Amino acid sequence: AKEAGRNAYQFFRDEMNLHAQHQLRMSSALRRALERDEFELHYQPQVSGADGRIVGYEALLRWESGVLGRVPPAEFIPVAEATGLILPIGEWVLRTAFAQQARWREDGEDTPRLAINISALQFRHEGFVAKLEQLLAGAGADPARIELEITESALMQGGGDMVERLQRLRRIGFTLALDDFGTGYSSLAYLKRFPIERLKIDRSFVRDLPDDPEDCAIADATLSLARDLGMEVVAEGVETEAQRSYLTARGCHVLQGYLFGRPQPARVAFDGPGDEARM
Ligand code: C2E
Ligand code: CA
Ligand code: CA
Ligand code: CA
């Protein structure tokens with residue numbers, strides 16, 4: 001038994017080392033990713049629940065590492081957060097997304113809204129609001145057409161001045177969405193005080209609609225809460241016609257998911273095939 005215990009411990013330690021080594025390799029690769037230009041934003045359409053028209057896009061970060069290959073955001077974002085690298089990487093995301101919005105703004109009046117993910121560390125960072133203002137002015141983007149997605153857990157960790165910080169962002173003109181709604185521990189009292197336009201129902205609650213009674217209850221409750229608070233709801237991860245009709249029948253404002261389009265590079269998401277021929 002003692003021997004088995006030692007083996008289990010040895011196994012555990014090897015696993016820990018492997019995990020630590022992997023994290024270390026990833027953070028050193030991440031450290032060079034910006035200068036090597038290894039990031040790209042992909043854009044996923046968001047459609048109106050009422051008529052299916054595209055009303056916006058969410059910008060989603062992609063990393064093609066020279067040493068590790070393609071690494072999914074669910075793996076590298078936590079490492080970027082833990083090492084603080086999310087600050088320069090997040091700045092690159094903002095810069096790139098603002099430039100995209102500025103191009104739309106030049107092109108026409110009725111431009112889609114562009115949603116950008118903000119990490120907890122970024123949002124809490126001292127100079128965040130000033131940085132946003134500086135990048136916005138540099139790019140010439142329209143803040144009214146930019147939505148900042150802040151996770152429920154980022155807001156809950158945030159401490160006392162969160163409401164004030166959100167209000168500063170609203171005054172600049174950004175719209176705000178609460179991301180991953182339902183996965184954290186939002187106090188409803190808080191929610192009332194947050195100057196937020198949209199709640200994003202997490203994909204985990206959409207996946208088993210309309211068969212799972214619990215998920216139906218969560219979707220229904222989110223929609224009615226949002227209505228009472230004067231907010232809109234975005235449902236993410238909509239993959240089936242049955243999910244779509246369940247959500248639209250209950251007045252869900254915006255839908256996002258593979259049913260409408262996958263995240264795509266800008267040249268694929270926004271341009272017809274005609275340009276490719278010209279390039
Ligand atoms: P999220 O903000 O909840 O983004 C939605 C995720 O669901 C994206 O995963 C998207 O590709 C995926 N998705 C959308 N529709 C469907 C669908 O119909 N079916 C399925 N199975 N999946 C769908 P992705 O792109 O892998 O991103 C994962 C997470 O990484 C994001 O979750 C977000 O938390 C984070 N992330 C991505 N880009 C950024 C970024 O620029 N900055 C920060 N801080 N985090 C980011
Ligand atoms: Ca998001
Ligand atoms: Ca989510
Ligand atoms: Ca094209």
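Everything numeric in this text was worked out from a predicted model, so none of it was measured. All ligand and atom numbering here is 1-based and tracks the order in the structure.
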Tyr246 and Asp211: side-chain donor and acceptor closer than 3.5 Å? no
Is the closest side-chain donor-acceptor distance between Gln167 and Arg170 under 3.5 Å? no
Does the protein put a heavy atom under 4.0 Å from atom 9 (O) of ligand 1? no
Verify atom 34 (O) of ligand 1: protein non-hydrogen atom under 4.0 angstrom away: no
Could you tell me whether the Ca ion (ligand 2) has an N, O or S atom of Glu149 under 3.0 Å away? yes
So, is Thr151 placed with an N/O/S atom under 3.0 Å from the Ca ion (ligand 2), counting both backbone and side chain? no
Pairwise distance CG(Leu24) to NE2(His19) - rounded to 0.5 angstrom: 11.0 Å
Taken to the nearest 0.5 Å, the spacing of Leu223 CG from Asp228 CG works out to 11.0 Å
I'd like to check whether Glu239 has a polar contact with ligand 1, where a contact means an N/O of the residue lying under 3.5 Å from an N/O of the ligand. yes
Compute the shortest N/O to N/O distance between Arg203 and ligand 1 and return yes if it is under 3.5 Å, no if not. yes
Identify which of [options] has a heavy atom lying nearest to [atom].
atom                    : options                      : answer
atom 1 (P) of ligand 1  : Glu75, His42, Gln256, Glu236 : Glu236
atom 43 (C) of ligand 1 : Asn117, Ile118, Val206       : Asn117
atom 31 (C) of ligand 1 : Leu60, Ile116, Leu121        : Leu60

Are the charged groups of Arg113 and Glu197 less than 4.0 angstrom apart, N to O? no
For Glu58, what is the atom name of its N, O or S atom nearest to the Ca ion (ligand 2)? OE2
Shortest-distance N, O or S atom of Asp179 relative to the Ca ion (ligand 2): OD2
If the cut-off is 4.0 Å to any non-hydrogen atom of Gly257, which atoms of ligand 1 fall inside it? 15 (N), 18 (O)
Asp180 and Glu236: CA distance, side-chain angles, deciding distance, side chain to side chain contact (heavy atoms under 4.5 Å, CB included) verdict: CA-CA 9 Å; Asp180 294 346; Glu236 67 180 24; 4.0 Å; yes
Angle at the Ca ion (ligand 3), OD1 of Asp180 to OD1 of Asp202, rounded to 10 degrees, please. 80°
